[in-house]
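Working notes, structure below.
Counting from 1, the numbers follow the sequence of the chain as shown.
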Amino acid sequence: MHIACIMAEGPGRTDDLLHDFAGRAAARGLRLCGTVQVNTDCGPGRVCDMDVRVLPDGPVIRISQSLGTEARGCRLDPEALEQAVAAAEARLAAGCDLVIVNKFGKHEAEGRGFRSLIAEAVARDVPVVMGVNSLNAARLAEFLGEAPERPEPTPEALDAWLDRALPGG
């Protein structure tokens with residue numbers, strides 16, 4: 001099983017790492033599926049907009065609810081999240097070499113969200129890399145039955161992990 005989780009410090013750092021990693025993997029000719037968060041300029045008061053691009057080439061789906069400019073938090077839009085999951089699962093069914101999931105979060109820890117995509121990738125022996133935070137890391141290990149690899153949150157470490165995870169690596 002080739003599964004890695006990325007835990008980077010700083011707002012948006014994991015998102016940036018996975019987005020750049022997806023670009024490097026695609027440049028190597030790998031068939032990708034999953035999602036990466038695309039950080040758009042949301043402007044003042046809109047810090048919680050979460051747009052994900054379904055790999056490899058879209059669509060971009062806003063998975064956060066619009067709670068207004070005065071909102072102090074954010075909430076996932078379950079329908080939009082399921083739309084992103086369905087699009088990523090269709091890409092996996094068509095065949096891919098690498099799955100990237102922007103985040104193993106609360107929904108995945110509770111058995112929803114991208115959990116089914118991750119499980120199918122594991123069953124197909126397709127390498128998976130995903131972001132995770134300290135709140136959900138234990139639930140990810142519980143779901144997988146073992147702790148995933150935790151490469152350093154650097155481009156070089158991610159590329160080295162991919163080299164080991166691919167067939168013949």
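For the pair C5 and V132, the tightest heavy-atom approach, listed with the atom from each and the gap, is CB-CG1, 3.5 Å. Residues G29 and D97 approach most closely at O-OD2, 4.4 Å, considering heavy atoms. Residues P151 and A4 come closest through the heavy atom pair CD-CB, 3.8 Å.
Taking 4.5 Å as the limit, some side-chain heavy atom of L18 sits within range of a side-chain heavy atom of I6. Residues I100 and T35 have side chains not in contact (no heavy-atom distance under 4.5 Å, counting atoms from C-beta outward). For the pair D77/I63, no side-chain contact is recorded, criterion being any heavy-atom separation below 4.5 Å from C-beta on.
To the nearest 0.5 angstrom, T14 atom OG1 is 8.5 Å from E9 atom CD. Between atom CD of residue E89 and atom CZ of residue F114 there is a gap of 8.5 Å, rounded to the nearest 0.5 Å. In this structure, the separation between CD1 on I118 and CE on M130 is 4.0 Å, given to the nearest 0.5 Å. To the nearest 0.5 Å, the span separating CE on M50 from CG on L81 amounts to 9.0 Å. Taken to the nearest 0.5 Å, the CG atom of L98 stands 11.5 Å off from the NE2 atom of H2. Summarising the geometry, atom CZ belonging to R124 is positioned 8.0 Å from atom SG belonging to C96; distances are rounded to the nearest 0.5 Å.
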(request) Might you work through the side chain to side chain contact (heavy atoms under 4.5 Å, CB included) test for R150 and M7, ending with a clear yes or no? (result) CA-CA 8 Å; R150 283 188 54 192; M7 299 174 78; 3.2 Å; yes

(request) Please test L92 against V99 for side chain to side chain contact (heavy atoms under 4.5 Å, CB included), starting from the C-alpha separation and ending with a verdict. (result) CA-CA 8 Å; L92 178 61; V99 173; 4.2 Å; yes

(request) Verify side chain to side chain contact (heavy atoms under 4.5 Å, CB included) between V38 and V52, making sure each step is shown before the conclusion. (result) CA-CA 6 Å; V38 290; V52 294; over 6 Å; no

(request) Please lay out, stage by stage, how R53 and Q37 fare under the test side chain to side chain contact (heavy atoms under 4.5 Å, CB included). (result) CA-CA 6 Å; R53 179 170 48 93; Q37 186 165 339; over 6 Å; no

Return a table of donor-acceptor pairs under 3.5 angstrom between the side chains of residues 136-143 and protein atoms on other chains or two or more places apart.
from : atom 1 : to   : atom 2 : distance (Å)
N136 : ND2    : N133 : OD1    : 3.2
R139 : NH2    : A109 : O      : 2.4

Can you list, pair by pair, the side-chain donor-acceptor contacts under 3.5 Å of residues 155-169, counting residues two or more places apart and other chains?
from : atom 1 : to   : atom 2 : distance (Å)
D159 : OD1    : R24  : NE     : 3.0
D159 : OD1    : R24  : NH2    : 3.1
D159 : OD2    : R24  : NE     : 3.0
W161 : NE1    : E149 : OE2    : 3.4
D163 : OD1    : R28  : NH1    : 3.0
D163 : OD1    : R28  : NH2    : 2.8
R164 : NH1    : A160 : O      : 3.3
R164 : NH2    : E149 : OE1    : 3.4

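For the side chain to side chain contact (heavy atoms under 4.5 Å, CB included) test, residues two or more places apart in sequence or in another chain that qualify with E82 are V85. Here A87 pairs with V54 under the side chain to side chain contact (heavy atoms under 4.5 Å, CB included) rule; sequence neighbours left out. With sequence neighbours excluded, the residues forming a side chain to side chain contact (heavy atoms under 4.5 Å, CB included) with R13 are A8, L17, listed by chain and number. Applying the side chain to side chain contact (heavy atoms under 4.5 Å, CB included) test to E110 and every residue at least two apart in sequence or in another chain returns K106, R112.
With L117 as reference, V101 is the one residue of V101, V128, V122 to meet the side chain to side chain contact (heavy atoms under 4.5 Å, CB included) rule.
Panel note: side chain R91, backbone C33; no donor-acceptor pair is recorded below 3.5 Å. A donor-acceptor pair under 3.5 Å is absent between the side-chain atoms of D51 and the main chain of V60, judged by distance alone.
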